[in-house]
Amino acid sequence: MSETDAPRLPLGTLIAGCLAVCLAQIGLAMPATLNGLFQEHLHPVGSQLTWISDAFLLPVAVLELSFGVLGDLFGRKRLLVGGAALLCAGEVVAASSSGVHQLWVGQALAGLGAAALFPTSLAMIAAGTHGAAQRARAIAVWASSLSAGGFLAPLLGGITGTYGSWRAAFVVVAVVAAVSALVSVVFAADSAAPEGRSLDIAGQVTIGVGLFALLYAVIQGPADGWASTWVVVAFVVAAVFIGLFIAAENRARSPLLRLDLFRDRSFAIASVVSVIGMFSFLGTAYAASIRLGPIQHQSPMRTSFAFLLLSGLTPFLTPVTSRLLSRVSPRTTLTAGLALIAAGDFLAATLAVDDRALTSLILPLGLVGTGFAFTVSSITATAVNTVPVHLAGMASASTNLLRDFGFTLGPAVIGAVALSQAASQVTASLGTASLGAESKAAAHEVLKEGGPLALNSVPPNSPPGAARSFALDALGHGYSIGFVVCGSAALFSALLVLFALRGRTEKTAEETETGKETAVAVTG
């Protein structure tokens, strides 16, 4: 039977899968536009604001591949329904938060749901297709839905946060999640592929503990002190469990991460670039959200403008990037994308902290957004093209895991770097400032309890209010360094791809088609 005569993908399954991945992306991206409101209403101290982002990202990075296996083993429809229901529950918990700790719980529950939705939605759509061309078209629709979620998230956060409240934003996402679960129950066709699939429990536990410990140490280091007992213990636990993860993967029958792929030098380099490049992008997004929200106290609607520049360009540039990938090497597109991210970050680092004009952001963040569109479209295709065709699926899954790990590191590392630098500068400034004793003492107390962000948010006419300008300058300096770190990471990755990455130059037609399909699949 020819491909044109093959059964078509059920429309209900396509709608359910696309709605699910759009929902997951909205849940992931929307809270970043609300950081200013979180700071104003929940008064997070020290590193607590960073945990709001990473509470969602950590389950996605750690559990996404395992949920993919669960769907293969027990049926994808129930996982699609369960993931949407779990995300809905998490959004309800977040919307009703009375403090930052409950918001963490809500974000973590929602992240668990998203970890199920991302791989399951794609696998369900792919399983319903017949033939490479039909599958490529369906994956393109799925990728467009993911990109649409990245475009809609800042608009949703901006509108509800400005004209309603940050709680309303979570309520809207909860409603969308409930609709997604209902659509999946009624319209999605179930599928499974249990043959040869098994859970890598040892690998899942060790990478989960190791990654959480690493993030805890990086995020808490500036607040608790890098030599504090718990931070040191966390670094040790991270090293031990990551070592145990490597040992477990070497013995696992169906590993989360195929370590033998890294024996290929080109794939290893592409994987490093996946982590560092995606760290650079999400670190930039986090730095921009903190600059506009908790530092400058701009509205969520104005903050959403930055995120439209960062992630909203991707769906509009998809035809361009797809055409580029069909005409030039993915390695070339990847190098150009990373170079654009680096250029945008270095420009963002030069912006004055008291420059509140949105027009100042158009060039730097527009460059980062354009670079991200090129990078995310080609990064997996680059990795896939470095391995034999029969390993393309595993290479794609491994690169996705490493990409999400880079996403998770972005807010953690940039928050740690920026807050450490800001705390050092504001402490030094207070030591030489010509302030009254009462103002100095009050400022030091606020700084001790809540860090530079808290001092920057005190009322101007309060005793510590006289020190607000020192906190503002220090935070501007700290997050400018954060942009420089992101730009340096992107530039390093671009140079690594350009000079060190050497994939195979001759590919069969089947390999080329696989690379194109994979590139489309990650265009979000």
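The closest side-chain donor-acceptor pair between T284 and D345 falls under 3.5 angstrom. E40 and S457 are not linked by any side-chain donor-acceptor pair at a separation below 3.5 angstrom, with hydrogens and angles left out of the test. Donor-acceptor pairing under 3.5 Å is lacking for the side chains of Q298 and T303. Side-chain contact, R76 with T120: no donor N or O sits under 3.5 Å from an acceptor N or O.
In this structure, OG on S121 lies 11.0 Å from CD on Q25, to the nearest 0.5 angstrom. Between S280 atom OG and L409 atom CG the span is 12.0 Å, to the nearest 0.5 Å. Here the CG-OG distance, from D355 to S360, works out to 3.5 Å after rounding to the nearest 0.5 Å. Note that CZ of R302 and NE2 of H297 are 14.0 Å apart. Values are rounded to the nearest 0.5 Å. Expressed to the nearest 0.5 Å, how far CD1 of I290 lies from CD of Q39 amounts to 8.0 Å. Here CG of L146 is found 8.0 Å from SG of C22. Values are rounded to the nearest 0.5 Å.
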Inset, instruction - Please report the C-alpha distance between W51 and Q107 in whole Å, then the side-chain angles of each, then the deciding distance to 0.1 Å, and finally whether the side chain to side chain contact (heavy atoms under 4.5 Å, CB included) criterion is met. - result: CA-CA 9 Å; W51 279 113; Q107 281 284 87; over 6 Å; no
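Between L308 and F151 there is a side-chain heavy-atom pair separated by less than 4.5 Å. Residues F307 and S289 form a side-chain contact, since some pair of their non-hydrogen atoms from C-beta on lies under 4.5 Å apart. The shortest distance between side-chain heavy atoms of M278 and F405 does not fall below 4.5 Å. Residues W166 and L42 form a side-chain contact, since some pair of their non-hydrogen atoms from C-beta on lies under 4.5 Å apart. Side chains of V92 and F170 form no contact here, defined as non-hydrogen atoms less than 4.5 Å apart. Between F245 and V209, every side-chain heavy-atom pair lies at or beyond the 4.5 Å cut-off. For the pair V176 and V179, the minimum side-chain heavy-atom distance is 4.5 Å or more. Taking the side chain as every heavy atom from C-beta outward, M30 and P154 never approach each other to under 4.5 Å.
Across S493 and G277, no two heavy atoms sit closer than the pair OG-N, 3.8 Å. In plain terms, the two heavy atoms of P452 and L419 that are nearest each other are CG-O, 4.4 Å. Closest approach of Y286 and L49 over heavy atoms only: OH-C, 4.0 Å. Closest approach of G487 to A342, counting heavy atoms only: O-CB, 3.4 Å. Closest non-hydrogen pair, A412 versus I219, comes out as CB-CG1, 3.5 Å. Of all heavy-atom pairs spanning L453 and P294, the tightest one is CD2-CB, 3.8 Å.
Although no hydrogens or angles enter the test, the distance criterion places no donor-acceptor pair under 3.5 Å between the side chain of S145 and the main chain of L19. A distance-only check finds no donor-acceptor pair linking the side chain of K77 to the backbone of A189 [under 3.5 Å]. Although no hydrogens or angles enter the test, the distance criterion places no donor-acceptor pair under 3.5 Å between the side chain of S165 and the main chain of G161. A donor-acceptor pair under 3.5 Å is formed between the side chain of Q102 and the backbone N or O of V93. Side-chain N or O atoms of R356 include one that pairs as donor or acceptor with a backbone N or O of Q296 at under 3.5 Å. A donor-acceptor pair under 3.5 Å is formed between the side chain of S304 and the backbone N or O of M301.
Residues passing the ring pair (Phe, Tyr, Trp, His ring centres under 6.0 Å) test with H43, sequence neighbours excluded: none.
For I201, the CD1 atom counts as loosely surrounded, since its 6.0 Å shell holds 12 or fewer non-hydrogen atoms of other residues, nucleotides or ligands. Annotation for F346: atom CZ counts as buried by contact number, over 12 foreign heavy atoms lying within 6.0 Å. Around the CZ atom of R78, the shell of radius 6.0 Å holds no more than 12 heavy atoms that belong to other residues, nucleotides or ligands.
Of the options L310, I362, L365, L155, a side-chain contact (heavy atoms from CB on, under 4.5 Å) to F305 is made by I362 and by none of the others. Checking each of T335, L402, L334 against V273 for a side-chain contact (heavy atoms from CB on, under 4.5 Å) leaves exactly one that passes, namely L334. With P44 as the fixed residue, the side-chain contact (heavy atoms from CB on, under 4.5 Å) test singles out one of L103, T50, N35, V100: V100.
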Side-chain polar contacts of residues 52-70 - donor-acceptor pairs under 3.5 angstrom, sequence neighbours left out - could you list them?
residue : atom : partner : partner atom : Å
S66     : OG   : Q204    : OE1          : 2.1

